[in-house]
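Report on the following structure.
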Amino acid sequence: MNISDNLHKIKETLPETVKLVAVSKFHPVEAIQKLYDNGQRVFGESRMQEVDLKHSKLPQDIEWHFIGHLQTNKVKAIVPYVHTIHSVDSWKLLQEIDTKYGLSFDTCRQMLDEGLWKQLKYAYIGGVMGMATFTDNVDLIRTEFRSLKLFYDELKADYFHDFDSFSEISMG
């Protein structure tokens, strides 16, 4: 099955409300261009150098998602063209953003309880992102994703009930 057929097969199985982020890390520009030519517009990268290179060589209407660990000193380089940063692991990084690591449920609750996120001018918390354990145990993966969905529901009810922008659950 070629890349185009595979893309169409995957998209046919997804509900309209699901956004497919094609993880393009380690794939050449030519493969990404082929997916783009077949209608895919959202791509995920985990390394700043790679997204920087690909951004300059591919169509400018691509919605780039950063899915890896982001160092504070790299934020300014990618913020101008990255649509979404999926992994924020500290208040310091979130503050820097405002001008696949992440937070534990408890650390996230603590950060939200402090309320400093309400002072952000340019960054916003749009949802939650979680990675399943690397295993063939489907029941474990389902349990982990179910926990993430329950955590999302908790945050929505307790902190973001008035925020339409808190609407994303990214599971990988």
Side-chain angles (χ1 to χ4, degrees), residues 7 10-25 39-48 51 61-172:
L7 174 66
I10 291 169
K11 283 191 170 187
E12 287 174 1
T13 67
L14 299 176
E16 277 186 37
T17 57
V18 172
K19 181 187 291 188
L20 177 64
V21 179
V23 177
S24 52
K25 64 182 186 176
Q40 180 64 28
R41 295 294 185 268
V42 185
F43 294 91
E45 286 290 337
S46 63
R47 293 181 53 229
M48 194 275 302
V51 73
D61 65 333
I62 287 178
E63 183 179 303
W64 291 104
H65 287 226
F66 196 82
I67 58 174
H69 175 67
L70 181 60
Q71 298 172 337
T72 306
N73 64 341
K74 309 281 184 175
V75 168
K76 285 187 170 97
I78 67 167
V79 163
Y81 57 85
V82 170
H83 178 274
T84 303
I85 298 171
H86 286 251
S87 51
V88 175
D89 63 357
S90 71
W91 173 247
K92 179 182 174 189
L93 179 59
L94 192 56
Q95 284 178 305
E96 186 66 27
I97 291 169
D98 189 46
T99 57
K100 198 151 333 177
Y101 298 134
L103 305 170
S104 70
F105 289 175
D106 288 336
T107 303
C108 183
R109 285 183 193 103
Q110 180 183 1
M111 182 187 80
L112 293 171
D113 284 340
E114 292 170 1
L116 295 174
W117 60 275
K118 295 176 183 176
Q119 300 170 14
L120 298 171
K121 293 180 182 176
Y122 303 106
Y124 71 93
I125 301 171
V128 296
M129 182 261 204
M131 296 293 293
T133 302
F134 185 65
T135 180
D136 291 333
N137 184 336
V138 176
D139 290 332
L140 176 60
I141 294 169
R142 284 189 180 124
T143 298
E144 291 172 348
F145 285 162
R146 194 172 300 112
S147 294
L148 184 63
K149 170 62 166 86
L150 291 172
F151 185 61
Y152 168 86
D153 292 342
E154 173 192 329
L155 296 181
K156 183 75 173 171
D158 292 350
Y159 301 97
F160 299 102
H161 54 276
D162 293 333
F163 294 84
D164 290 337
S165 58
F166 190 82
S167 60
E168 304 289 331
I169 303 175
S170 177
M171 300 178 178

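Please read these numbers as outputs of a predicted model, since none were measured by experiment.
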(request) Using side chain to side chain donor-acceptor pair (under 3.5 Å) as the criterion, list what pairs up with S46, not counting sequence neighbours. (result) none

(message) Is there a side-chain contact between M111 and I125 in this structure, where contact means two heavy atoms from C-beta onward sitting under 4.5 Å apart?
(response) yes

(request) Any chance you could measure K118, atom NZ, to L112, atom CG, to the nearest 0.5 Å? (result) 9.5 Å

(request) Report yes if some heavy atom in the side chain of T84 is under 4.5 Å from a heavy atom in the side chain of V42; otherwise report no. (result) no

(message) Any non-hydrogen side-chain atom of Y124 less than 4.5 Å from a side-chain atom of I97?
(response) no

(request) Inspect the surroundings of NZ in K11 and state if more than 12 heavy atoms from other residues, nucleotides or ligands are less than 6.0 Å away. (result) yes

(request) Measure the spacing between CZ of R41 and CH2 of W64 and express it to the nearest 0.5 Å. (result) 12.0 Å

(request) Ignoring hydrogens and angles, tell me if any N or O in the side chain of S165 forms a donor-acceptor pair with the backbone of G126 under 3.5 Å. (result) no

(request) Apply salt bridge (Lys or Arg N to Asp or Glu O under 4.0 Å) to E63 and list each qualifying residue two or more places apart in sequence or on a separate chain. (result) K19

(request) Take E168 and M129 through the side chain to side chain contact (heavy atoms under 4.5 Å, CB included) test and state the conclusion after the steps. (result) CA-CA 8 Å; E168 304 289 331; M129 182 261 204; over 6 Å; no

(message) List the residues meeting side-chain contact (heavy atoms from CB on, under 4.5 Å) with E12, not counting sequence neighbours, and say none if there are none.
(response) none

(message) Return the CG to CZ distance between L155 and F105, rounded to the nearest 0.5 Å.
(response) 8.5 Å

(message) Using 0.5 Å steps for rounding, measure from the CZ atom of F43 to the NZ atom of K25.
(response) 15.5 Å

(message) So which atom in F166 and which in V128 form the shortest heavy-atom distance, rounded to 0.1 Å?
(response) CZ-CG1, 4.3 Å

(request) Using side-chain contact (heavy atoms from CB on, under 4.5 Å) as the criterion, list what pairs up with D164, not counting sequence neighbours. (result) none

(request) Could you grab the distance from atom CD of E96 to atom CG of N73, nearest 0.5 Å is fine? (result) 8.5 Å

(request) Test side chain to side chain contact (heavy atoms under 4.5 Å, CB included) on L70 and I78 and set out the steps. (result) CA-CA 10 Å; L70 181 60; I78 67 167; 3.8 Å; yes

(request) Using the six-membered ring wherever Trp is involved, compare the ring planes of H86 and H65 and label them parallel, tilted or perpendicular (cut-offs 30° and 60°). (result) tilted

(request) Would you name the heavy atoms of S24 and E45 that are closest together and state the gap between them? (result) OG-OE2, 2.6 Å

(message) Checking F145 against I169 for the side chain to side chain contact (heavy atoms under 4.5 Å, CB included) test, could you report, in this order, the C-alpha distance in whole Å, the side-chain angles of both residues, the deciding distance, and whether it holds?
(response) CA-CA 10 Å; F145 285 162; I169 303 175; over 6 Å; no

(request) If a pair satisfies side chain to side chain donor-acceptor pair (under 3.5 Å) and one of its residues is in residues 150-159, list it, with sequence neighbours excluded. (result) R109-E154, D113-Y159, K149-D153

Donor-acceptor list for residues 131-141 side chains, cut-off 3.5 Å, not counting sequence neighbours:
unit_1: T133; atom_1: OG1; unit_2: E144; atom_2: OE1; d: 3.2
unit_1: T133; atom_1: OG1; unit_2: E144; atom_2: OE2; d: 2.4
unit_1: T135; atom_1: OG1; unit_2: N137; atom_2: N; d: 3.1
unit_1: N137; atom_1: OD1; unit_2: D139; atom_2: N; d: 3.1
unit_1: N137; atom_1: OD1; unit_2: L140; atom_2: N; d: 3.0

